[in-house]
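To start, the structure itself, in structure tokens.
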Amino acid sequence: MSRKLCLGVIQMAVDEQKANALKKAVSNIDYLSTKGANVVVLPEMFNCPYETLRFPDYAETAGGTSYQTMAEAAKRNGIYIIAGSMPEREGTKIYNTSFIFGPDGNCLGRHRKMHLFDIDIQNGQYFMESETLTPGNDVTVVDTEFGKIGVALCYDVRFPELARLMTEQGAKLLIYPAAFNMTTGPMHWELLLRSRAVDQQVFTVGCAPARQYDSSYISYGNSMIVSPWGDIMGRLNDEEGYLLGEIDFEEVAHVRTQLPVITQLRKDLYELKLLKESL
Ligand SMILES: NC(=O)CCC(=O)C(=O)O
């Protein structure tokens with residue numbers, strides 16, 4: 001019998017001053033820990049404005065200040081932290097990276113955004129992450145005392161293949177730190193999170209920055225937690241705030257027993273294969 005997990009989702013506004021962003025993230029983490037959260041999630045690029053040309057200035061290597069601050073917050077509170085994402089520098093490359101820390105402060109895993117957000121919507125959102133970022137190649141699933149958690153970033157949610165690969169590695173909760181925008185957010189954000197929950201029969205979570213109309217990229221907000229049935233268990237609007245949700249991994253088995261699509265996959269006819277990792 002697995003223990004239930006209390007999940008905290010932080011929807012915070014971007015602060016251009018990295019030190020302020022870190023301070024705000026830590027005070028929210030500390031607070032949600034006092035409320036009983038075992039796992040806390042931050043938004044995509046929580047320590048940096050979401051602007052491609054500024055990623056190089058804000059980038060840090062693994063082990064840098066932002067990484068250390070998150071590791072210490074995890075250890076001090078004895079909780080897991082999915083540290084949203086931050087620009088990570090390695091050599092000449094910059095990745096959009098989510099570091100995942102365990103209750104002892106150790107880094108359990110790292111997801112480098114696999115699908116870069118390069119879109120150009122007529123009369124709508126334009127964004128080219130590939131101007132400054134390099135995509136990652138690894139599927140990220142971490143083991144916790146509650147069960148396995150898959151982590152991917154924002155635009156990655158549009159790729160059911162990645163959700164399937166995480167699910168095949170045993171993940172029962174898929175967490176997407178994200179920053180959808182005012183063009184695609186109202187159209188697709190809820191639809192995608194609920195679709196991934198229903199097609200993989202897992203919990204899904206989207207954690208976004210709060211909406212700021214004076215920034216060059218306006219986040220849709222609307223952080224949410226979705227059950228394996230596709231129900232929205234909790235949802236924020238556009239402002240700063242937090243969600244606390246109870247995740248019972250037993251519910252995944254309960255749904256899959258009644259509606260056994262995962263076992264009904266025709267693996268004799270088709271398969272999804274991971275061709276390479278860690279290029
Ligand atoms: N930060 C992102 O990857 C945004 C993804 C997004 O808005 C979308 O429509 O997809």
Side-chain angles (χ1 to χ4, degrees), residues 9-16 21 25 41-56 58-59 66 82-88 94-99 110-140 150-164 166 174-197 199-200 204-213 215-224 226 235-238:
V9 176
I10 297 171
Q11 181 165 296
M12 55 183 256
V14 174
D15 193 314
E16 298 213 350
V41 189
L42 292 167
E44 182 178 35
M45 293 294 182
F46 76 95
N47 68 347
C48 166
Y50 192 58
E51 289 175 39
T52 50
L53 298 181
R54 300 181 82 179
F55 294 153
Y58 282 75
S66 301
I82 317 295
S85 80
M86 58 183 83
E88 179 208 2
I94 300 171
Y95 300 91
N96 183 346
T97 301
S98 181
F99 292 104
R110 170 192 72 185
H111 182 72
R112 288 173 166 169
K113 193 174 193 174
M114 189 184 269
H115 306 91
L116 293 185
F117 180 46
D118 285 355
I119 66 162
D120 186 3
I121 304 215
Q122 213 173 11
N123 304 317
Q125 187 68 51
Y126 170 90
F127 208 86
M128 286 292 147
E129 279 193 320
S130 62
E131 281 169 354
T132 53
L133 298 180
T134 299
N137 298 314
D138 295 338
V139 177
T140 308
V151 178
L153 285 166
C154 202
Y155 195 56
D156 283 336
V157 75
R158 289 190 179 271
F159 299 84
E161 293 82 359
L162 176 56
R164 174 70 73 200
M166 292 190 280
L174 305 184
I175 296 184
Y176 295 94
F180 264 53
N181 57 82
M182 296 304 292
T183 306
T184 59
M187 294 291 293
H188 297 157
W189 171 241
E190 174 188 332
L191 181 66
L192 286 164
L193 286 166
R194 296 182 73 192
S195 300
R196 294 299 80 82
D199 56 32
Q200 305 310 321
T204 60
V205 174
C207 177
R211 195 174 305 165
Q212 287 161 288
Y213 285 102
S215 66
S216 70
Y217 181 91
I218 304 173
S219 167
Y220 177 54
N222 281 272
S223 297
M224 71 179 80
V226 182
R235 177 180 194 152
L236 294 170
N237 51 27
D238 55 339

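In listed order, ligands and their atoms are each counted from 1. Source: prediction; values computed, not measured.
Taking the ring centroids of Tyr50 and Phe55, they lie under the 6.0 Å cut-off. In this structure, Phe117 has its ring center closer than 6.0 angstrom to the ring center of Tyr155.
Atom-to-atom distance recorded for Thr140:OG1 and Lys113:NZ is 13.5 Å, nearest 0.5 angstrom. Of the inter-residue distances, the one linking Glu16 atom CD with Asn47 atom CG reads 12.5 Å to the nearest 0.5 angstrom.
Sorted by chain and number, the residues within 4.0 Å of ligand 1 by heavy atom are Glu44, Tyr50, Lys113, Phe117, Cys154, Tyr155, Arg158, Ala179, Phe180, Asn181, Thr184, Tyr217.
Checking Glu44 against Asn96 by side-chain atom types alone, a donor-acceptor pair falls below 3.5 Å. Between Gln125 and Thr183, the side chains place no donor N or O within less than 3.5 Å of an acceptor N or O (distance only, hydrogens not considered).
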